[in-house]
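Quick notes on the structure that follows.
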Amino acid sequence: MIKTTITESLKKAIEEIFKLSDTEPSVVESPNKQFGDYSTQVAFQLAKILKNDPKKIASDIKNALEGNNNFEKIEVVGGYINFFLKNEFYHKEIEKVYSEGKEFAKLKHLSEEKILVEYVSSNPTGPMVIVNGRAAALGDSFVRILNMRGYNAISEFYINDGGNQVFLLGISCNEVYKKLNGMPYEIPENGYHGSYIEDFVKLIIGKTDLSKMDDEARSNYLGTEGVKYFHTMQIKSLKNFNVKFDSEIHERIIREEGLTEYVIETLRDKNLLYEKDGATFFKSSDFGDDKDRAIIKSNGEYTYLLPDAAYHEDKIRRNFEYLIDIFGPDHHGYVKRLRAIFEALGHNPDKLEILIHQIVNLINEGGKIKMSKRKGTIITLDDLLEDVGKDAARFFFVMRKKNSHLDFDLKLAKEKSENNPVFYVQYAHARIASIIDFAGSKGIRLNGYVNFSLLNEEKEIELIKVILLFPDILDDVIRMREPAILPKYLIDLASTFHSFYNKHRVITDDKELSLARLALVQCVKNTIKVGLNLIGVNAPDKM
RNA sequence: GCCCCUGUAGCUCAGUGGAUAGAGCACCGGUUUCCUAAACCGGGUGCCGCAAGUUCAAUUCUUGCCAGGGGCACCA
């Protein structure tokens, strides 16, 4: 919010002096205190356009801004312009933050554009695994932050319950059924081998008599029931992970509504399909894909792409104007063909954004834990939650940028120590709660006028600055599509608070000062709480 | 072979065109008659993987190479 204020002043000054209306001066926090609070190197950019010395340009801008009473002083060093803000400016700003409470970073109706964010969408053929947790944490946090900043975003889970996977699940379950009944059995190579299959079949056997069904009927039954069972299990895991979806869509329904046929007909009308070796291919290479892709196999079944195209068609028909898909790294090769078919259906490909996050390695005692879903050696999201807890898991999953390979250190996540950033941030919150309690016991309560102009200590001004950054941080998350920026900020905020706390007492004999400091830490507390909640982490009052 | 991601301090990572490249951990030392010591304060570290190019300015952008990880289906 401060940067915007300075940027606006700069733009006005530049327009007045140089008659340039389309410059976007970038304002940054000064790397060093000697360079003030904020700086801009706009003079370097203008030097080129104006063919003039950056130092001259910088001092012209400085002169034009001298009348602005937010600034204590403005310095020109080299071509840089450094802004030193008055404490009164910070006092005014923190007063606004304080009066708005937990809503201070909330924007209403910035954009009416309807955004749909799809993530996880794992096959309902087994439990949630670790990498799903990363997608879930990223997606859920991102949607919360979008809505916090005035965007109109909805989260959605797509259930692949219409295709070959269900069939394979049924066959696999049926073979396991035979195994449990002492009959000869053979689970197909590409089927499901995890021990969770056996758990499910045992459960069904306890409820339903499967013995009178033939293999086909039993497979179908187990496939259908299995999908329901595993989907319910997945949603429950996600709920324990503090992830909830605004909407769930079934592939089965998309197919029943005839949208797959619509896709085929539309592409055929546009002459974008052809037959080869008995299969039907979509000319995705016309839209930038490396090669054409099959959408109907030679046995008549659809490949994954076709119903998924239908699903994206459905999103548009439900009047979503901007689509974001969050995929795991194993789907990156799929991006081009999905965008291709989306465009072929007549939609603007710029309205479909696909974010890819990278893998998760579980690290324990310094070593990687290897997993394979096919072989059934998996660690589930439930296992992880039971081991390290929801808060640590949520924090760790968004702590790294989505493009980095996340090494999830199980030992660290469980540590209740300074090494563990989740505890560090939560501790700041609990500490403030405790201060507020203590103040109450001394009869000091926030319920009226607060004189913020008493806050002039270096640590106090620092803390105000960091609080004021919060809305900018949320906007950075959105602009960069990078939730990781938020946990990093919260660590900074907690650190700045702890530093302040150790230097200054909040509650002293000076009642007016105590109230001002109490209001300040109340703002910190609100910011931490709101920030943690945006990444699905609790902010306890006691630890 | 092709595609994607990554390479920054001993370790884990910030830093997506600007000033002297930053945190945390680890290591050493200090701080509690006082609101939570799960905290704070001080101490030093870098061929920013390598090499060219673009730029007034490159850790940041481009290209090539090297190293690690992941993916290349009529699976999803």
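Hydrogens, waters and symmetry mates are skipped; everything else that's a heavy atom, side chains included, is used. Proteins get letters first, then strands, A, B, ... in listed order; numbering begins at 1 in each. Quick caveat: nothing in here was measured; it's all calculated off a predicted structure.
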message = Going by the glycosidic torsion and a 90 degree boundary from 0, is the base of B:U32 oriented syn or anti?
response =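 Syn, since the glycosidic angle lies within 90° of 0.
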Would you measure the distance from the [atom1] atom in [N] across to the matching atom in [M] and give it in whole Å?
N	M	atom1	answer
B:A57	B:A52	P	16 Å
B:G43	B:C13	C1'	22 Å
B:G44	B:G49	C1'	23 Å
B:C56	B:C72	P	45 Å
B:U45	B:G10	P	12 Å
B:G1	B:C65	P	11 Å
B:G22	B:A67	P	32 Å
B:G29	B:U62	C1'	49 Å

Nearest-nucleotide comparison on RNA chain B, the residue closer to the 5′ end among A:K48 and A:I296 =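 Its nearest nucleotide being more 5', the pick is A:K48.
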Given RNA chain B, 5'-ward residue of the pair A:D277 and A:I359, judged by closest heavy atom =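 Its nearest nucleotide being more 5', the pick is A:I359.
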Expressed as a whole number of angstroms, how long is the span from [X]:[atom1] to [N]:[atom2]?
X	N	atom1	atom2	value
A:D407	B:G70	CG	C1'	14 Å
A:E189	B:A73	CD	C1'	15 Å
A:E301	B:A76	CD	C1'	12 Å
A:I295	B:C75	CD1	C1'	16 Å
A:N299	B:C74	CG	P	12 Å
A:D391	B:A38	CG	C1'	15 Å
A:R481	B:U16	CZ	P	17 Å
A:H504	B:A39	NE2	C1'	16 Å

Are any side-chain N or O atoms of [X] and backbone N or O atoms of [Y], one a donor and one an acceptor, separated by less than 3.5 Å?
X	Y	result
A:D277	A:A279	no
A:S30	A:F35	yes
A:T224	A:N220	yes

message = Quick check: any donor-acceptor pair below 3.5 Å linking the side-chain of A:S298 to the base of B:C74?
response =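 Result: at least one qualifying N/O pair found.
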Base, sugar-phosphate, or nothing for [X], non-hydrogen atoms under 4.0 angstrom?
X	value
A:I507	base
A:H429	nothing
A:N82	base
A:D541	base
A:R293	nothing
A:M480	base
A:S39	base
A:Y302	sugar-phosphate

ask   = Who are the side chain to side chain contact (heavy atoms under 4.5 Å, CB included) partners of A:Q45, not counting sequence neighbours?
value =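 With sequence neighbours excluded, A:Q45 shows a side chain to side chain contact (heavy atoms under 4.5 Å, CB included) to A:S26, A:Q41, A:V42, given in chain and number order.
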ask   = Hey, mind stepping through A:F230 and A:F200 against ring-ring contact (aromatic ring centres under 6.0 Å, His included) and telling me if it holds?
value = CA-CA 9 Å; A:F230 286 117; A:F200 161 66; 5.7 Å; yes
Secondary-structure notation, RNA chain B, from Watson-Crick and G-U pairs under 3.5 angstrom (| other strand) = (((((((..((((....[...)))).(((((.......))))).....(((((..]....))))))))))))....
Of all residues at least two apart in sequence or in a different chain, which pass the side chain to side chain donor-acceptor pair (under 3.5 Å) check with [X]?
X	value
A:K465	A:D37
A:E313	A:R317, A:H347
A:K459	A:S499
A:K48	none

query = With a 6.0 Å cut-off on ring centres, are A:H250 and A:Y158 close enough?
reply =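 They do not qualify: ring centres at least 6.0 Å apart.
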With respect to the side chain of [X], which nucleotide from [options] is positioned closest?
X	options	value
A:P31	B:G70, B:C40, B:A19	B:A19
A:H498	B:C75, B:C74, B:C40	B:C40
A:Y427	B:C74, B:A37, B:A76	B:A37
A:I435	B:C74, B:C35, B:A38	B:C35

May I ask you to verify if any side-chain N or O of [X] is less than 4.0 angstrom from the OP1 or OP2 atom of [N]?
X	N	value
A:R400	B:A14	no
A:Y424	B:C40	yes
A:S499	B:C41	yes
A:Y334	B:C75	no

Which residues pass the ring pair (Phe, Tyr, Trp, His ring centres under 6.0 Å) test with [X], sequence neighbours left out?
X	value
A:F395	none
A:Y304	A:Y334
A:F438	none
A:F44	A:Y80

Please write out each protein N/O paired with an N/O of nucleotides 20-22 of chain B under 3.5 Å, distance rounded to 0.1 Å.
from, atom 1, to, atom 2, distance (Å)
B:U20, O4, A:Q34, OE1, 2.6

task = Test the A:R481-A:F142 pair against the cation-pi criterion, namely NZ or CZ under 6.0 angstrom from the six-membered ring centroid and within 45° of the ring axis.
result =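 Checked: cation-pi criterion not met.
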Each nucleotide N or O in nucleotides 1-11 of chain B that has a protein N or O under 3.5 Å away: list the pair and distance.
from, atom 1, to, atom 2, distance (Å)
B:C3, O2, A:H332, NE2, 3.2
B:C4, O4', A:H332, NE2, 3.2
B:C5, O4', A:Q358, NE2, 3.4
B:C5, O2', A:N403, O, 2.4
B:C5, O2, A:H405, NE2, 3.2

